[in-house]
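A short write-up of the structure that comes next.
On a predicted model such as this, the values are computed, not experimentally measured, just so you know. Letters A, B, ... mirror the listed sequences (proteins, then strands); counts begin at 1.
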Amino acid sequence: MDELLGEFVAECHDLLENLSAEVVEWEKDPSDRARLANVFRFFHTIKGNCGFFDFPRLEKLSHAAEDVLADFRSGRRQPDKPAVDAVLATIDTIRQLIALIDAGEPLPEADDSALIAALRGEGDISAAEMAGSAPGKGEATSPRQQRTIRLPVELLDRVMSGVSDMALARNELERLLAQNAGSQQVEASVHRLSTMLDDMRDAIQRIRMQRIDTLFAGLPRLVRDLSSELGKLVMVELESGDVELDRELIEVIRDPLVHLLRNAVDHGIETPAERMAAGKREIGLLHVSARQTGSEIRIGIVDDGRGMDTAELVAKAIAKGLISGDEAKSMTEREKTALICQPGFSTASEVTAISGRGVGMDVVSANLEAIGGSLMIDTTPGAGTRMMMNVPMTLSIVPAVIARAGGQAFALPRSYIDEIVRLSDSNRRVRMGGMDFIVLDDRRVPRTSLAAILGIEQPSSGTGADQLFLIVRLVGGDIFALGVDEIVSLDELVIKPVAPLLQDTGFYVGIAQLDNGEPVMALDVSGIARAAGMIGEVKKSGRIAQTGTRTNAAEAPLSGVLFERFDASRALIPVDELQRIERLPHGAISRVGEDYKILIDGGVVPVLGLPDELPAADTIHTLLLRRDGQLLAYAIACMVDIVAYRPAADGSTGIVLVDDRPVERILPAELGPGTSPCMEGSE
Amino acid sequence: MSEPVLLVTVAGERVAFPAGAITTVVELEKVTPVPRAPSHVSGITALRSRGMVVIDCAAALENRAARPATPGSMAVVTSPDGFAYALMVDEVHDIAEIVDGPSPMRLKLPANWQAVCLGQVQAGEETLVLVDPERIISATREIAAVA
């Protein structure tokens, strides 16, 4: 390909990649000027660059989109939903055209006039899609091209592993030097060499590694498209954990990840109506996280949807002849969920457009196994599903905690460790139902001893005497305290895969060398947790994950339900506080003395927020909240939207900012009286 | 046939390893034990900045727990599957040429000897058992499979 053209394509890919997350934010609030400017700039750049090349289709499209956005900016036109959809569809079309240019294929002669008309507000976006000029939505899978020269990956591998070995040899040299004091000159040159080597190691590492964020950036858009297509409400939470992944692996896991997300949105998360009927929040939660652990990256996809019925899975597998009835009896839950990865198994009673597209679960699982990874699925019917992709990552340099237990040193990837606590107070150790716990910030955290799990307790110390605990958080949110003798150091380790002989024990993921040359085993933290019985159910872990996000309020945008009260003022309730939204017939609300009451789930529930004169509407929307374990209904005139908000800068609690405008925030605990203790048998 | 073999003493007996399967002969320094490892694994050690698994050959052959390695123990290094293993032996002798064999053993050998034995060979003046280092590594697993 022409070099200039290559530059253009690469730049477009970069722009598209950055735009992906930006667009979703902009869609939430089309009046956001900063984001609008970014989207505008994208089209402007594309249009400008098209001028150098002969791509009339691309130029026309970007020109039309730029015009529309210019109108939004100047306020000549309001960015309404059809217009926003048209802009998104245009971005998708451009993405496809760029991919074709990249592949060196001629651009098809297609008519974009319907799409352009939709942009100008003269047509409907669905008409444009009918015309076939707009590509399918959700195609966030186009591979990203780097503006780089191409090198065989094996060569990079060799360089990388060579540099790692040099670093280890350097450590040994330094150790020898420390033992046999040499001349200062020698020490100075070794030191200089050492610094250079560190720099080089950093650089080589960056060559191969890419932050997993680049993969995650496209997910909000993907989920947004999927959920709007399927009529579901889904909130995505991303937790990239600063994980970096081999560039090649990012491409390899992209398709499986996208497929698992599709499955979660399509099969896992229920429709808003179903969710409300099940007493869940209307909005489904999809939590995507990445963790680095020794030689593996674990990518967890947790939804709070309907879960899977394993009995049904088994019955179906038997009916299809995949397993026998006897086999089924001896299967663990995890083996049962793994049935959906069997070739010839499909759980959907009807193949939908979403999950039916592309690959099946068997292909996902086969692809992961081909690169030495695996897929584990845990499910709790009614509460959700946790899918965990394990992807190998050899050649990684892992920040690790080196701890001693039973007189021996072991390395644990630091990403697993929330904190390290020392307990001298025996009151903070409790025993309940045969399990040992430590009390940490008023939480009970199950505890276990590393030496005991590994069978290397020393009689002198005894397992109960651990004073130092690593608070380990597993992918999926389970927390436990791992007792150790002492922390040796915090270090960056080159963790190499360990021989199958030791890997098969399930306790180790790799082998590393400390700076003093001593080899140390890197622990498989989830293997340890499994051996100690510290892995809980999906349901529980989901709850912990939620509290986790709440404490991270500083970075994560808070989301709340914005609504209008009967006096036309607006207020907001944090999404987390909301149990569900209930539409009540006018007649259901009765007046008891000063207060309004309704009957919900067999209990009498007070209704707040109503004016003295009951509104004349046939139905009244109420937000169901919970205060001190009791239900509480808050009547609203209408719901405005689900919005992101942030606390007011001056720290006042009653007021929050939505789009920099102050809005009153309502918390159930701060609501006035009305909760006379007359509720019986609610719930 | 003139394939070279490495003569070593294992469990008090002289045996032959195919020399082609052995990368190097080392004197072990510090060996770090690995809890919960298969019984014939003595631990791990680092050789020239490379981590390797140390296996007590005698333990593998006699199907008993590995003895802790003492510094200065001799080991032969092999890496059949890309990972390095140090096979701890009593003594390392010579390289010799196979004069005759390997020919099958007529008797069933005790413990794990049967599983690791490639046959008997004549090397130099003596007749000894030719041992497959790879099978020593997987010795306990094969026992488990048989049992």
Side-chain angles (χ1 to χ4, degrees), chain A residues 161-176 394 402 404-411 449-458 493-508 510-524 527-528 531, chain B residues 23 26-57 59-60 65-66 68-69 71 75 77-88 112 115-116 132-145:
Chain A
S161 111
V163 171
S164 297
D165 286 347
M166 275 159 77
L168 291 172
R170 180 264 326 260
N171 293 347
E172 199 171 326
L173 186 63
E174 279 177 344
R175 197 172 63 253
L176 289 174
T394 52
I402 295 128
R404 201 177 293 282
Q408 266 183 259
F410 297 94
S449 152
L450 182 54
I453 296 170
L454 294 175
I456 47 170
E457 297 131 295
Q458 287 179 325
L493 296 181
V494 178
I495 298 191
K496 299 219 164 162
V498 69
L501 194 64
L502 297 182
Q503 178 135 38
D504 290 350
T505 61
F507 291 102
Y508 306 107
I511 181 168
Q513 257 182 291
L514 303 181
D515 279 348
N516 64 9
E518 198 182 312
V520 61
M521 296 302 294
L523 293 171
D524 179 344
I528 296 278
Chain B
T23 347
V26 296
E27 198 171 308
L28 292 176
E29 289 177 17
K30 194 179 173 204
V31 176
T32 309
V34 178
R36 298 274 190 159
S39 63
H40 64 302
V41 172
S42 290
I44 49 171
T45 192
L47 177 75
R48 285 195 288 277
S49 81
R50 189 175 184 200
M52 54 181 75
V53 181
V54 180
I55 287 172
D56 182 344
C57 280
V77 177
T78 181
S79 42
D81 54 0
F83 296 98
Y85 302 85
L87 308 182
M88 201 160 65
N112 275 349
V116 303
D132 182 352
E134 190 173 352
R135 294 196 201 166
I136 288 191
I137 295 164
S138 52
T140 46
R141 258 191 290 181
E142 267 162 39
I143 296 243

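- Contact between Ala46(B) and Pro519(A) at its shortest, heavy atoms only, is N-CG, 3.8 Å.
- For the set Gly43(B), Pro33(B), Ala84(B), the entry with the most heavy-atom pairs within less than 4.5 Å of chain A is Pro33(B).
- With chain A as the partner, the residue from Ile55(B), Thr45(B), Asp81(B) showing the most heavy-atom pairs under 4.5 Å is Thr45(B).
- Rounded to the nearest 0.5 angstrom, Leu501(A) CG and Tyr85(B) OH are separated by 6.0 Å.
- Contact of Leu454(A) with chain B is made through backbone and side chain together, with heavy-atom distances under 4.5 Å.
- Under the salt bridge (charged side-chain N to carboxylate O under 4.0 Å, His left out) criterion, the residue pairs touching residues 30-46 of chain B are Glu518(A)-Lys30(B), with sequence neighbours excluded.
- For Val34(B), the parts sitting under 4.5 Å from any heavy atom of chain A are the backbone and the side chain alike.
- Checked against side-chain hydrogen bond (donor to acceptor under 3.5 Å, both in side chains), Gln408(A) has no partners two or more places apart in sequence or in another chain.
- In this structure the side chain of Ile44(B) never reaches within 4.5 angstrom of the side chain of Val520(A), judged on heavy atoms.
- Here the closest heavy-atom approach between residue Phe410(A) and residue Pro35(B) is recorded as CZ-CG, 3.6 Å.
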